[in-house]
Amino acid sequence: MSQRKLRILIAKPGLDGHDRGAKVIARALRDAGFEVIYTGLHQTPEMIVAAAIQEDVDGIGLSIMSGAHMTLAPAVVELLEKQGADDIVVFLGGIIPNDDIPVLKEKKIREVFLPGTSTEDIIAWVRDNIRPRARAA
Amino acid sequence: MSKPSTQIAPTREEGTPEHPTYDAGTIRQIREAQDAWEKEVLAASLERMPLRREKFVTDSGIPIPDVLTPADRAHEDFLRDIGFPGQYPYTRGPQATMYRARTWTMRQFAGFGTPRDTNQRFKYLLSQGMTGLSVAFDMPALMGYDADHPMSRGEVGKEGVAVSSLADFEILFDGIPLDKVTTSMTINASAIYALACYVVTAEKQGIPPEKLGGTIQADILKEYIAQKEWIVPPRPAVRILIDMIEWCSRNMPKWHPVSISGYHIREAGATAVQELAFTLADGFGYVEECLKRGMKVDEFAPRFSFFWDVHNDFFEEVAKFRAARRIWARTMKEKYGAKDPRSMMLRTHAQTAGVSLTAQQPYNNIVRVALQAFAAVCGGTQSLHTNSLDETYALPTEEAVTIALRTQQIIAHESGADRVVDPLAGSYYVEYLTDELEKRAREYLDRIEEMGGIIKAVEEGYPQKEIAESAFRHQKEVESKDRIIVGVNAYRMDEETPIEVLKIDDALAEEQIARLREVREKRDNARVQKALEAIERACEDGSNLMPPVLEAVRAYATIGEVCDVFRKVFGTYREEGRF
């Protein structure tokens, strides 16, 4: 069985416009051989989940610098659950205080990447932790 | 190559300068001596011990020669290119005395939580010797949404102070006499609303607009280029800004209606050359739009101000301030025909580079900030914000902000930099970098002009693409360890002690929303409706938007209501998700 390429959605939830990190990660993941879709800015959790399902992705990388991560990241996970798509792996990068990380992980954000993380580490993590989802026939 | 479109005397290409810094005979002797030095001393040294890298370049990629001497300054015309402080082309600074008469304004950007939280932080900072206020607004305010809008979910009061109406401004500046302080407001897409709120808050304190000093950022073009906080498309957004500039030029003589900002451009990944070029291009774009409006250059340009990032490459950053002043002065005089010296002198705020701070070993950030702040001072900034050590985690704690402010005070009182004007002038290296930055920025400016001006270039995504390329290259350099960042890709520690960070209570959103609802209930809704209709008419008929926005603010129309009118008439801007 040939494994298809992983599909990753890079998303910018909320009003935060700082997209330097999101774009660098999107490009690095693409260069690493994944299929990458970038949502563009100012997305609601609803828009992100709709895009993830429509694009049939295997993972969602959220990028948040505005401090709204405790609201927006779990909202994405909850909406995925409601849609029966909670096998899509959600990971997060941005300005995230250390104390928030265990709380986020409890809410099924699988990994949190802080400033200074190398794209190689993120690529390796995606390879090790995200699997192609089973497709409907 | 097409001919340069900016009709400015080039700095390097021409033959004999009229006022050479060094005479031709001396330069010849130095060149001969340098040839001999290269053959004998340098070659032998390289044989014994080769260079650590194949080539040395600045952070912007400007090559750094083995050594620089007066012979590299043969093209320099002292009076034309460097001259005196407070005099054209202002390379050495906008004032004759610089910090010898008055040190720079220490202006710490602050804003979080409710207006009351930020009001208390302002009062604390003023009591600690801060000399100017600087307001950070939360994301909903910056994007023109009320606190109870669905898009504001999780964002209220997080990245700045939450404001939705005049009622919030009244609390924000409570007990602070607005004719005694100067205030900087960092807000762009919805700036016209914030400016109107500030004017009306002062009005209620009995202070007329002509007595208000300060700055509103309002630099909308850099939002499309870098920070990405927009409401309507670029052209109507620039029109709103020109309305503000026009109104301020007649009513607020002490106010800076725009702060043309390189900061966000640099933070998004631009090099120093790109920061210089795209920022000045934005500035010239505003000049041209004001001229199209029928204003005279000396009516508005004296109130333009700038805002630079100060990054790590100390010498290049100092040179950037000097090059910026020279390019602005030359272009304003020679291309736009400015006569008033104030139209030619670039005055600037500066902030240390947030993007240079590391989450790893955060106390190291104090040192980074100090070096960057020292560069801003050596470059001759008029005001400065120093970042706090904890900003890769959250908004700063009071303790962290105090260290950042103390850093400026140490530079001002202990380093000696406050005693001298343009201390690095005449350094062969800094003068070389100043010339190179000017030349390279001009190449970008010419390209933008060929594209049809900065608004066109922004619509086509040109600066955005250039910046994204630089950001990606930077990341690759870090990952290949071509660029070392202490604590990140070298000198790492396995165990790090976590630092205290500021927590913003989520309950504040409820408080904010409750106050907003109360405002909506208590106000005269018929008056609000009328005011919003007047804004809509002005949007359509092209008359100045400031008077109807002021009336709407007085009637307690909210930021979301006013910006909804803009969205309705001009449409909402969207950017494709390109990477």
Side-chain angles (χ1 to χ4, degrees), chain A residues 9-31 36-47 51 63-75 93-101 112-123, chain B residues 112 138-140 142-143 145 150-160 223 226-230 264 267-269 355 357-360 390-395 464 467-468 471-472 474-476 478-479 485 487-489 492 496 498-499 501-504 506 509 572 574-579:
Chain A
L9 182 74
I10 297 297
K12 282 290 298 176
L15 298 174
D16 166 30
H18 296 86
D19 59 359
R20 175 179 183 164
K23 285 181 164 182
V24 166
I25 300 298
R27 191 160 154 187
L29 290 173
R30 184 182 62 195
D31 290 355
V36 180
I37 301 125
Y38 170 48
T39 60
L41 292 164
H42 310 139
Q43 305 287 303
T44 61
E46 289 79 4
M47 290 156 87
S63 166
I64 309 177
M65 312 286 159
S66 69
H69 50 273
M70 296 302 274
T71 308
L72 297 175
I95 306 282
I96 315 290
N98 284 317
D99 290 357
D100 291 349
I101 295 173
V112 179
F113 297 103
L114 295 183
T117 308
S118 76
T119 57
E120 281 163 31
D121 288 351
I122 295 171
I123 291 163
Chain B
F112 62 93
D138 73 353
M139 291 302 313
L142 296 176
M143 296 291 288
Y145 292 114
M151 280 304 289
S152 304
R153 195 169 17 154
E155 312 259 18
V156 176
K158 284 282 165 63
E159 213 181 40
E223 293 299 330
Q227 189 168 241
K228 318 280 172 107
E229 287 153 15
W230 51 60
H264 321 80
E267 294 285 298
V355 78
L357 303 184
T358 64
Q360 296 75 14
D390 52 356
E391 291 186 49
T392 56
Y393 288 99
L395 293 188
Q464 295 92 313
I467 293 167
F472 194 70
H474 180 274
Q475 182 64 25
K476 289 280 139 201
V478 172
E479 295 190 1
I485 299 176
V488 174
N489 61 359
R492 294 166 69 132
E496 291 202 26
I499 53 167
V501 299
L502 184 78
K503 285 259 187 294
I504 309 288
D506 274 322
T572 306
R574 285 205 57 80
E575 183 192 66
E576 298 174 55
R578 262 188 307 211
F579 63 92

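Proteins get letters first, then strands, A, B, ... in listed order; numbering begins at 1 in each.
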Handout entry: Heavy-atom side-chain proximity of Phe579(B) to Val36(A) below 4.5 angstrom
Key =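 Counting from C-beta outward, Phe579(B) and Val36(A) do come under 4.5 Å.
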
Practice task
Answer whether the closest heavy-atom distance between the side chains of Met143(B) and His42(A) falls below 4.5 Å.
Solution key: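 Met143(B) vs His42(A): side chains touch.
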
Quick check on [X] against chain A: is it the side chain, the backbone, both or neither that has a heavy atom closer than 4.5 Å?
X	value
Thr392(B)	both
Val156(B)	neither
Pro140(B)	both

Problem - Side-chain (Gln475(B)) to main-chain (Ser118(A)) donor-acceptor, under 3.5 angstrom - result: no

What's the shortest heavy-atom distance between [X] and [Y], and which atoms?
X	Y	value
Lys476(B)	Thr119(A)	NZ-OG1, 4.2 Å
Pro498(B)	Asn98(A)	CB-ND2, 4.2 Å
Ala359(B)	Pro115(A)	CB-O, 3.8 Å
Leu72(A)	Arg153(B)	CD2-O, 3.9 Å

For the atom pair [atom1] ([X]) and [atom2] ([Y]), what is the distance rounded to the nearest 0.5 Å?
X	Y	atom1	atom2	answer
His264(B)	Arg20(A)	NE2	CZ	14.0 Å
Asp100(A)	Tyr393(B)	CG	OH	12.0 Å
Ile95(A)	Asp390(B)	CD1	CG	10.5 Å
Lys228(B)	Asp19(A)	NZ	CG	4.0 Å
Lys158(B)	Leu15(A)	NZ	CG	12.0 Å
Glu267(B)	His18(A)	CD	NE2	7.5 Å

Option in [options] with maximal non-hydrogen atom pairs under 4.5 Å from chain B:
options	answer
Thr39(A), Ile37(A), Ile96(A)	Ile96(A)
Pro45(A), Ala22(A), Gly21(A)	Pro45(A)
Gly94(A), Ala26(A), Pro13(A)	Ala26(A)

Handout entry: Contact origin within Asp121(A) toward chain B - heavy atom pairs under 4.5 Å
Key = neither

Practice task
Against chain A, work out which of His474(B), Arg574(B), Met139(B) has the most heavy-atom pairs shorter than 4.5 Å and name it.
Solution key: Met139(B)

Exercise for the section: Considering only heavy atoms and a distance below 4.5 Å, find which of Glu229(B), Glu223(B), Glu391(B), Lys503(B) pairs most often with chain A. Expected result: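 When all of Glu229(B), Glu223(B), Glu391(B), Lys503(B) are compared, Lys503(B) has the most.
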
Problem - Side-chain donor-acceptor contact under 3.5 Å, Glu155(B) with Ser66(A) - result: yes

